[in-house]
Structure formats: structure tokens, C-alpha cells
Amino acid sequence: MQKMIKKFMFIALIIFFVELICIVGLVFVSKVLPEFKYTEDVLVISICAVVVIDLLYISLVLSNISNARKKNDITAVEIVGEGVEEVYNFGQIGVIIVDDYNNVIWTNDWFEDIQTRLVDHNVYTWKRELLALQDKKVKKINVDIDNRVYEVKYLKEANLFIFKDVTDFEAISHFQKEHAPVVGLISIDNYQDVLSIVDESKSSELFTNIQRIIFEYFKKFGVLVRKIRGDAYSLIATKAQYDKLIEDHFSLLDEIRNVSKEEDFELTLSIGVALGHDDYIKLNDLAASSLDVCLSRGGDQVVVSPYGEKLIFIGGKSEAKTKRSRVKVRVLSKSLYTLIKDADKVYVMGHKDMDLDALGSALGIFEFVKQVGKKVQLVYDERFVEYKTKKAFKQMYSREEIKEMTILPKVAIDEVTSQSLLILTDVHKPSITLSRKLTETCSKVAIIDHHRRGEEFVESPVYVYIEPAASSASELVAELIRYNDKRLEVSERVASMMLSGILLDTNYYRNKTGQRTYDASVILKEFGADNLLADSFLKEEFEEYALKIKIMATAITPHFGVVVCRADNDDIIDRTMLAIVAQDTLQIKGVNACFVVGRTDNKSCNISARSDGTINVQYLMEKMGGGGHFAAAASQLENKNVDETMDYLKETLNLYLSDARAEKR
């Protein structure tokens, strides 16, 4: 209709100009040719003719507008149909038709019954949220009218809004979501260790108390809990009950931790939860997988697996406690030996920006495989190796030896077969391995790592040895070699490289050091490790020392006990240097955690985080897409400069630092 009016206005404008020209022409003739007879009569007749023409045109315009309005009404009737009012009433469907100005020109009777008369009112003034339907990507929306929910769809070609009452459906949907099943499994960490050191009466009293706390806690939320064995429980809840547990942040973890602290025992809980599916068997399998992830991360936390979505981590405030024994290590070593023996060829690979621990542990596995009698090569590309690591490798091995024992990732991808075995050391995330494509190409992948397991993981590995309580991957490999039934050994230079890896990750036994760390160091000394040589690999050059002092001079303290340092935006800093600055800053009295930010290449900015054990830096780095373990972690951010990364880090600390703090044990 709006187009029609514009058309009539344009025609009227043309008629006006034609009439004006005619009148002016007659006046001109009367002035120029006074002898011309009947001029005044012609002028009067012309003016009358103009008036008649204008009146006729106005009548025509009004008639056409009226017909168009009627036609619009007829069109509306054709759209909704005649004699279907009962259908609309039965289906609880309302219809609104608007004109080109979004004014309501017609509603069906059912809609008039639920709403005051809307004709001649602007539909968007009445319900502003309907404007969302102007977006072509939005097909339908829900609006509230008098405490009822209506689903609305807009047919633009017909200027037609369709309202359907979905209140009952929404109520049922809401009920179904709130009562969707949630399945969980609970495990008491270090259960067997406590049983072995505590007398029967004392342990019975302790675990009875813990069981009481577990049952009382979940009873508050209406969750069903059943004991399935001495150290394990199952739980069944609804989504509404699960939401309340999330709001409570599973404070049960803190309760159990406090009880064990009072009793001087290291008892914590690991909980795996699954939801988002209506099959209880499937949910139970997902919950079991979540519990496995939880245990591999050191326990004392909740891992939630929403079906088809990313894992959610809650808790993890205490440092991982060792769960490995010599018997377990012997079994793991034997299993690895069997896998290697069955392979036609073995490839050993670490992570990008390979450090001394990644290389040392990889060389340890390299010699493990050689003594099994299988062909083995180290996947190596010096472009993705840290400077000190590259320098140490070249110092210990000749160019010919390195060429013989290593292989480029792209070459390995072409050579690998279905019987080949890829062993990853010091890494379990495919995205940060030296070659993600090789990791995905190999059908048999074994993992040896000391970092807490994250959501990203190798698909269907044939062997997994993840021990977050270990100081380093070199510590784990040293035990696998020593406790194998075949009495395996490593050369002096490999032992020195592995010892250097332990020194690096523990900052010379200052952080994350346990009895097993010293035991592994003794093992490496027995193999001929040279302390002075291992230490020399980590020594700083003068330029590095000056750079370290420069970065440390930028230190700020955004929170009590927390120090943040940064490099210049224009400087490219080695990841090892960031870690060294973080470690050295941590030695200052009163510093509980240090975060060092710097660019490691033109596209990436890294954060190295270290803690004295009172702050879980792994939890904080996971919030920024990274990971690691309790006292040492890192994160890499793509396409961000140092300033942007600093802002992101400060925001993360503001949000999550209080959750990351834990009492030092």
C-alpha cells in the first residue's frame, strides 16, 4: 500500500506541473498578445478544468486505496481461510496481520479473547521483543502474554504473525529438563594406603565417619547414594539436584579434606559425574570415564562429563599424592615391554618446544626400546626444540649419531604402519605434541606423562601411564627402566640428560619433590649420571641473566602473595627463560605464586606459572586454555600480544584466585 501511495503522489506531482505550465502559458499569451480575443474566458475555463481534473484524480486515488484495503482484507482471509476459526481455537493459535507500517489491521477472534483489541496499534510497541523476528536467522521466538508462553513465527511476505500457546509444552519441557537423570561415581583417594598404616579399629572409625559425611551431604540435596565397595559409592540425581550441587561447588570435597586433616591422614574424594543422556548405562560409562580422568589428575576434585560437551573440572585444590608402588611400576614396565615387542617399529616423541625433561625421558625410552631389540627412532625437529635442549643434545651426540637416531615428523608419517607404536613422553595432548598428524595417524599410541590430565586426550591409547604426583617424565621413565624384569639400563649420557630433566622440573629439588624423585635420581646416578654435566645444561649465559633481571624488574603484585612479570612486546622470549624467571621469583620471601608473560614467537604469547604449593596454578592456567600440574603450569595464547595477555591474566586472577588457594601441606 505504501508503494501505491508513493506512485499516486508522483503522478499528482506531474499533473500539478502540467497544470501550472498551462496556466502560466495562458497568462503569458494574454500579456504578450492583448489583441487575442476571449483570453479571460479561456483562462477561467482552464482553471475550472484543472479543478475538475484534480477532483477526479483525488476520487480515483481514494477509490484505489479503498480497493487496496479491501484486497488486503481479502488476502488475509485467503491466508487464514474461511471457516477455520474453530481450528484456530482448538489449536490455540492466534493470528495478527499488520500493514506496511507495522500497525495491526486484523486479528482472529481467538487472539482477541486473550488480548485487548490491538487493531490500529503498532505491533512492536505492544511487544518490543517481536523485533527479533526481523532477523532472517531468527525463525521463531517465545513471548509472555498474561503469564502464558506463546511461540511466535513471522511470515514477512504476508505481514503475518502466528502465535501458538506452548505454555503446557514449556512446562513439560522444563519438568523434563529438571528431572533428567544424573549418574555419578565416588572414590576415596588413598584408601588402601590408610588401611595399611592405621590399625583396624581406627580405620573403621575413620571410614564410618567419612561415610556418614557423604550420606548426610547428599541427603541435603535429595540425592540417592549407595555404597558399592569399601572405597566407592554411586549416586543418582536429577538435573535440578545437580544444579544445586554445582551452586554449592561440591563442598563435600572440603569437608572430607578437613576431616582427614584433623586425623593427620591424606584422604580426599574423587567424583565422576555424567549427564545429558537418558540411558543410565551410557551415563554410568561416562561417569566411570570421568572418574578415571579425575584420578589421573591426582584426585580431590569432581570431573563432570555432559554428554557430547566439554569436561567440567571442579575442585583440585590439593596437590596430587603418589599412588604408584614398585609393584605397580613393575607391571606397567612389563606391559610397555610387551607392547614394544609386538610392534614392527617404535617412534618416540615429546612436545613442541621440547625441553630437557621431554628429551631426557624420550632418550630413556629410546634406550628401553633398543634393549628390547626393536627398531626405534626419535621424532625430532630442531625448529621446535628449546635452545638449551638443542645445545645439550648436540653436545652429547655427534651429528652422525643424531641423524641416525632421529626422524622428521613428516617422514615418520609416511613410514608408519598399522603395527607401529608411537610413545609420547612428557605430553598427552595431541595439539601440543611435536606432530599432531603423526599422533592421529598412529593406531597404537602409548603415553608416559606427569602432567594432570586435561580434557584433550589421545583417542583410544593402548597404554597410559599418567602420574601427576611425579616430578617429571624422566622420573617415571627411570623407574620403568629400573623395575623391569629384564634388568634394563641406560648409558651415562642418557642418564645425565634425564637427571637434567629432573633438575629442571624440580628447580634443583626445590619444588614438587618427593621420595620417589630422590629414588629416581639415585637410579640415574647408578647408571652413571654426571651431576656437573646435568647442571651445565641448565646454566645461564650472561645475556640470559641480563634478560632475566630485566623481566623480573617489571614485577607487580595484583594480589597478596602473587607476583606477575612481563617481557616487552617486541622481545621474543624462550619458554625456558619464562620458567626460569618464574622459579627464581618464587624464591623471594613472601611470594606464593609467580606468573611470567612473554611472546615466544610472532603469533603466540606464553604464560609460565609457578607456585610454592599454596596456590594451584594448574587450575588457573586451565581457565586460560593451558595446563600442567599443581605447582608448575603454563598456557599459550594465540594471536595475542603481551598487553592483551596481561589483561586476560589479571581478569582470570580476579575471578578464580580465591578458588585456587589451598593450604600448604
Side-chain angles (χ1 to χ4, degrees), residues 289-290 292-293 296-297 303 305 308-313 347-355 357-359 361-362 378-386 389 407-413 416 421-466 468 473 505 574-576 578-579 597-609 617-629 632-640 644-645 648-649 652:
S289 298
S290 299
D292 289 342
V293 173
S296 69
R297 288 168 54 87
V303 177
S305 177
E309 300 178 21
K310 293 183 177 181
L311 295 176
I312 301 171
F313 302 104
Y347 300 91
V348 186
M349 183 169 67
H351 52 73
K352 288 180 182 176
D353 299 319
M354 184 181 286
D355 57 16
D357 184 40
L359 180 60
S361 58
L378 177 67
V379 180
Y380 182 84
D381 188 338
E382 67 175 23
R383 295 177 303 169
F384 305 108
V385 179
E386 290 182 351
T389 305
I407 185 172
L408 289 171
K410 60 181 180 181
V411 179
I413 292 171
V416 71
L421 175 65
L422 173 64
I423 302 177
L424 301 178
T425 63
D426 201 32
V427 64
H428 65 265
K429 295 182 179 181
S431 63
I432 61 174
T433 57
L434 201 62
S435 172
R436 179 168 191 160
K437 188 174 181 181
L438 177 60
T439 307
E440 295 172 345
T441 301
C442 284
S443 57
K444 296 181 179 179
V445 180
I447 299 171
I448 302 171
D449 193 14
H450 69 112
H451 298 102
R452 287 197 180 196
R453 177 174 169 177
E455 181 183 359
E456 184 188 355
F457 200 65
V458 175
E459 184 177 355
S460 304
V462 295
Y463 177 92
V464 177
Y465 184 21
I466 296 179
D505 278 15
D574 192 81
R575 286 176 65 246
T576 304
L578 298 178
V597 180
R599 290 175 58 215
T600 52
D601 56 49
N602 292 325
K603 296 182 179 179
S604 304
C605 196
N606 274 47
I607 305 173
S608 185
V617 291
Q618 177 253 346
Y619 174 81
L620 294 168
M621 290 298 96
E622 280 188 340
K623 296 298 182 182
M624 301 184 69
H629 44 77
S635 179
Q636 178 172 305
L637 304 177
E638 300 293 337
N639 301 317
K640 283 187 180 293
E644 293 170 336
T645 305
Y648 187 20
L649 174 60
T652 302

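One is the number of the first residue; the rest follow in order along the sequence. All values below come from the heavy atoms of this structure, side chains included, with hydrogens, waters and symmetry mates left out.
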### Query
For residues D426 and S361, is any side-chain donor paired with an opposing acceptor at under 3.5 Å?
no

### Task
Applying side chain to side chain donor-acceptor pair (under 3.5 Å), name anything that partners S431, two or more places apart in sequence or on another chain.
E456

### Query
Mind checking whether V458 and T433 have side chains closer than 4.5 Å, heavy atoms only?
no

### Query
Which distance, rounded to the nearest 0.5 Å, do you find between the NE2 of H351 and the NE2 of H428?
12.0 Å

### Summary
On a heavy-atom basis, the closest approach of V416 and Y347 is N-OH, 4.0 Å

### Message
Any heavy-atom pair between the side chains of L359 and V385 that's under 4.5 Å?
### Response
no

### Query
Between Q618 and M621, is any pair of side-chain heavy atoms under 4.5 Å apart?
no

### Query
Who pairs with Y463 by ring pair (Phe, Tyr, Trp, His ring centres under 6.0 Å), at least two apart in sequence or on another chain?
none

#### Entry: Nearest heavy-atom neighbours spanning L311 and S305
CD2-CB, 3.6 Å

### Task
Measure the CD1-OG1 distance between I423 and T425 for me, rounded to the nearest 0.5 Å.
9.0 Å

### Task
Please step through side-chain contact (heavy atoms from CB on, under 4.5 Å) for the pair V464 and F457, ending with a clear verdict.
CA-CA 11 Å; V464 177; F457 200 65; 4.1 Å; yes

#### Entry: Inter-residue atom distance M349.CE - T439.OG1, 0.5 Å rounding
3.5 Å

### Query
Below 4.5 Å, heavy atoms only, C-beta onward: do C442 and L438 meet side chain to side chain?
yes

#### Entry: Residues which pass side chain to side chain contact (heavy atoms under 4.5 Å, CB included) with K437, listed by chain and number, not counting sequence neighbours
I413, S435, T441

### Query
Residues two or more places apart in sequence or in another chain: which of them pass side chain to side chain contact (heavy atoms under 4.5 Å, CB included) with I312?
Y242, V304, P306, I314

### Query
What residues, two or more places apart in sequence or in another chain, satisfy side chain to side chain contact (heavy atoms under 4.5 Å, CB included) together with E644?
K640, N641

### Message
Is there a side-chain contact between V427 and L434 in this structure, where contact means two heavy atoms from C-beta onward sitting under 4.5 Å apart?
### Response
no

### Message
As an exercise, state the distance from CD1 of I407 to CG of D381, rounded to the nearest 0.5 Å.
### Response
12.0 Å

### Task
Identify the two heavy atoms, one from D357 and one from A473, that lie closest to each other, and give their separation to 0.1 Å.
OD2-N, 3.0 Å

### Query
Would you find a donor on one side and an acceptor on the other, under 3.5 Å apart, between the side chain of R453 and the backbone of I466?
no

### Message
Working to the nearest 0.5 angstrom, can you tell me the gap between T389 OG1 and F384 CZ?
### Response
15.0 Å

### Residue E459 excluded, over 12 heavy atoms near CD under 6.0 Å
no

### Query
If you round to the nearest 0.5 Å, how far is CG of L649 from CD1 of I607?
5.0 Å

### Message
Quick one: does any side-chain atom of D601 pair with a main-chain N or O of S604 as donor and acceptor, under 3.5 Å?
### Response
yes

### Query
Considering all heavy atoms of both residues, which atom of L378 and which atom of A362 are nearest to each other, and what is their separation?
CD1-CB, 3.6 Å

### Summary
Looking only at heavy atoms, the pair that brings M624 and Y648 closest together is CE-CD2, 3.5 Å

### Side chain proximity check, I432 to Q636, heavy atoms < 4.5 angstrom
no

### Crowding at NZ, K352 (>12 non-hydrogen neighbours, <6.0 Å)
no

### Task
Could you tell me which residues satisfy side chain to side chain donor-acceptor pair (under 3.5 Å) with D574, sequence neighbours excluded, listed by chain and number?
T576

